[in-house]
Chemist: 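Take this structure, written in structure tokens, and hold onto it; I'll ask about it next.
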Amino acid sequence: MDDFYRENILDHYNNPRNHGHLDHPSAAAEGVNPLCGDELAVELEVHDGVVTDIRYSGRGCAISQAAASMLSDVVKGKPVDQLAQIGKEDVLEELGIPLSPIRLKCAMLSVGVLKVALSELTGEPLPPEWNDPSDGIEWKSA
Amino acid sequence: MAVAEFTTPLDLEKIRADFPILARPVHGKRLVFLDSAASSQKPRQVIETLVDVYETSYANVHRGVYYLGARATERYEGARDIMTGFVNANDRREVIFVREATEALNLVAYAYGRTFVGPGDAIVATEMEHHSNLVPWQFLAQQTGATLHYLRLTDDGSLDPDSQQRLAAIENVKLVAVAHVSNSLGTINDIPALATWAHERGAVLVVDGAQAAPHRPVDVQALGCDFYALSGHKMCGPGAGILWGRAELLEKMPPFLTGGEMIRTVSLEKTTWNDLPWKFEAGTPAIAESIALGAAAQYLQGIGMEAIEAHEHALTAYAYDVLDGISGVTQYGPKPPNRAGILSFNVGKVHPHDVAQVLDSEGIAVRAGHHCTQPLMRRFDLQATTRASVYLYNGRDDIDALALGIEKVKRTFSV
Ligand SMILES: Cc1ncc(COP(=O)(O)O)c(C=O)c1O
């Protein structure tokens with residue numbers, strides 16, 4: 001319990017990678033968790049099928065913000081068709097801590113907005129596990 | 001800065017021994033439970049009552065000719081008598097068992113609201129309400145064509161007299177709804193004054209007592225309100241609560257839920273309603289829970305509601321000063337002494353979820369979020385706060401543990 005806020009989480013929280021906005025995003029999306037007010041937006045820049053740049057912005061708890069920062073590092077430079085495989089497990093692995101169901105939603109906000117942005121980009125429907133109205137999270141493509 | 005001295009009329013050690021859960025460590029630490037505003041812990045006396053009902057006196061109420069049916073009815077109606085005394089109602093027919101405050105408020109919104117509020121009428125609520133005492137009125141306004149107005153708040157989280165002045169000109173006010181005590185800020189509202197204000201306009205006053213009834217003596221006659229809702233689970237009881245309402249209003253109101261128990265005679269064409277209070281208790285009630293709510297009220301009365309109020313009053317003053325002395329902590333709501341035992345704060349820019357998570361690692365339970373008061377959060381431009389709420393089993397050691405926990409939050413997030 002005591003090492004919940006591991007150094008890597010605090011590092012990403014205090015020094016977020018890829019934070020801010022892009023001048024000419026190819027795709028963008030936002031997510032809000034009304035339960036706790038966490039908000040997250042993502043912008044992607046894509047050239048020749050590769051994510052050349054990514055920016056996150058938003059506000060929320062250390063878990064949601066650190067997860068976004070970690071994920072942005074993973075996504076940057078990857079071909080778009082590889083990103084479909086990124087899932088909840090990858091975020092959990094990056095965070096490296098067990099999460100209660102409530103905190104899990106904080107952690108998954110960033111991968112959720114990424115999925116919405118990708119679906120906007122590729123025109124493919126949002127995978128059903130990200131389209132579950134029962135989880136209460138509101139997604140919006142920009 | 002001087003910290004308010006803490007003295008209490010309560011025998012804290014004895015009280016804590018009544019609550020089995022307080023003896024169970026969390027993450028290897030002593031449990032510091034500071035979330036009673038969400039739901040309180042239960043004393044042995046209440047837990048044992050639940051078990052005892054099921055082991056000795058359980059059957060459905062108001063029907064059985066046999067021994068157990070009579071025994072269950074006697075205990076259930078006995079609990080109503082206890083609750084009648086608990087809120088100092090002058091008539092047991094005015095005390096309706098419900099699930100909790102939410103159901104009580106909805107009962108008023110449906111049975112009273114949809115009968116006596118119509119197009120062109122006005123409803124007045126406040127900006128500090130829990131969603132339970134706001135959404136039912138929004139919905140009522142939508143469905144009836146009435147308009148909903150809000151009393152606004154001052155910067156310290158009290159009702160703003162200016163806004164009351166501004167609303168004074170509104171006509172056809174039929175219903176005013178207000179919390180006795182705010183669950184997010186600890187504001188204590190002046191119910192007798194609001195009752196006068198409502199009655200001058202020919203409106204009824206509905207009071208959400210969820211955060212008051214567990215913590216201070218409630219006398220519905222002295223308060224002068226027309227309806228009063230409370231939740232048993234916040235006052236050491238299980239999942240049962242009451243709605244108190246003036247008999248003459250309850251008499252005029254149609255039923256809320258219909259079905260068994262609330263009827264006198266039913267033919268295929270027509271039904272006549274049962275007498276108060278059963279007219280509003282359709283179906284099989286929460287029998288054991290209602291009986292145990294009576295046990296909870298008796299437990300609290302045994303300690304003394306005045307003593308509990310004095311205890312929390314002193315502990316809140318102490319806690320407010322302690323938090324005030326921690327750099328980086330911002331508190332919201334009125335300053336003691338005009339404040340109930342609810343402390344709402346932020347630590348630097350740390351998200352309340354992270355504050356609560358670090359505190360949890362120290363065995364400290366607090367609430368983080370908007371506390372079901374989103375309009376209030378917006379009023380103060382907040383996303384969320386951390387909320388520590390005290391009850392009769394909390395002491396100075398809990399507040400000192402909270403202060404140490406907050407220091408850990410500050411270290412973790414370099415505040
Ligand atoms: C002021 C207030 N009103 C109403 C409620 C709703 O209580 P319940 O969920 O027991 O109906 C609460 C509970 O948090 C509250 O604090």
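Residue numbers start from 1 in every chain, and the chains themselves are labelled A, B, ... in the order their sequence lines are given, proteins ahead of strands. None of these values were measured; they are calculated from a predicted model.
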Chemist: With a strict 4.5 Å heavy-atom criterion, list every residue of residues 53-64 of chain A that contacts chain B, or say none.
Modeler: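 Checking residues 53-64 of chain A against chain B gives A/Arg59, A/Gly60, A/Cys61, A/Ala62, A/Ile63.
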
Chemist: Going through the distances and angles, do B/Asp397 and B/Arg30 end up as a salt bridge (charged side-chain N to carboxylate O under 4.0 Å, His left out)?
Modeler: CA-CA 11 Å; B/Asp397 51 353; B/Arg30 181 178 81 86; 3.5 Å; yes

Chemist: Taking the side chain as every heavy atom from C-beta outward, state whether B/His131 and B/Pro375 have any pair of such atoms under 4.5 Å apart.
Modeler: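 Side-chain contact under 4.5 Å: yes.
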
Chemist: To the nearest 0.5 Å, what is the distance between NZ (B/Lys349) and CD (B/Gln383)?
Modeler: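 Between B/Lys349 NZ and B/Gln383 CD, I get 12.0 Å after rounding to 0.5 Å.
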
Chemist: Taking the side chain as every heavy atom from C-beta outward, state whether A/Leu118 and A/Leu44 have any atom pair closer than 4.5 Å.
Modeler: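 Yes, at least one pair of side-chain atoms sits under 4.5 Å.
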
Chemist: Strictly by modelled atom types, are B/Ser40 and B/Tyr393 linked by a side-chain donor-acceptor pair under 3.5 Å?
Modeler: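 Side-chain D/A pair, B/Ser40 to B/Tyr393: absent.
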
Chemist: Could you check if a side-chain atom of A/Glu45 sits within less than 4.5 angstrom of a side-chain atom of A/Pro25, using non-hydrogen atoms only?
Modeler: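 The answer is no; the side chains never approach within 4.5 Å.
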
Chemist: Could you list which of residues 68-77 of chain A have a heavy atom closer than 4.5 Å to any heavy atom of chain B, in residue-number order?
Modeler: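 Under the 4.5 Å heavy-atom cut-off, nothing qualifies.
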
Chemist: Look at the rings of B/His351 and B/His353 and say which category their plane angle falls in: under 30° parallel, 30 to 60° tilted, over 60° perpendicular.
Modeler: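 Tilted.
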
Chemist: Who in residues 135-142 of chain B is close to chain A, using a strict under-4.5 Å heavy-atom cut-off?
Modeler: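 Listed by number, there are no contacting residues, so the answer is none.
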
Chemist: Are B/Leu359 and B/Val355 side-chain neighbours, meaning at least one heavy-atom pair lies under 4.5 Å?
Modeler: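 Touching, per the 4.5 Å side-chain cut-off.
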
Chemist: Using a 3.5 Å cut-off and no angle test, enumerate the donor-acceptor pairs between side-chain atoms of residues 79-93 of chain A and protein atoms at least two apart in sequence or in another chain.
Modeler:
{"from": "A/Asp90", "atom 1": "OD2", "to": "A/Gly87", "atom 2": "N", "distance (Å)": "2.7"}

Chemist: Among B/His370, B/His371, B/Arg367, B/Gln331, which one satisfies side-chain hydrogen bond (donor to acceptor under 3.5 Å, both in side chains) with B/Thr385?
Modeler: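 Checked B/His370, B/His371, B/Arg367, B/Gln331 against B/Thr385; only one passes side-chain hydrogen bond (donor to acceptor under 3.5 Å, both in side chains): B/His371.
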
Chemist: Counting N and O atoms only, with roles assigned by atom type, does the side chain of B/Arg387 sit under 3.5 Å from a partner on the main chain of B/Leu185, one being a donor and the other an acceptor?
Modeler: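 Pair absent, no side-chain N/O of B/Arg387 close to backbone of B/Leu185.
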
Chemist: Could you check B/Asp155, B/Asp160, B/Asp156 and say which one makes a side-chain hydrogen bond (donor to acceptor under 3.5 Å, both in side chains) with B/Ser158?
Modeler: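 Going through B/Asp155, B/Asp160, B/Asp156 one by one, the side-chain hydrogen bond (donor to acceptor under 3.5 Å, both in side chains) with B/Ser158 is satisfied by B/Asp156 alone.
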
Chemist: What verdict does the salt bridge (charged side-chain N to carboxylate O under 4.0 Å, His left out) test give for B/Asp398 and B/Arg16, after you've listed the backbone C-alpha separation in whole Å, the side-chain angles of each residue and the deciding distance to 0.1 Å?
Modeler: CA-CA 12 Å; B/Asp398 294 324; B/Arg16 283 182 177 173; 3.1 Å; yes

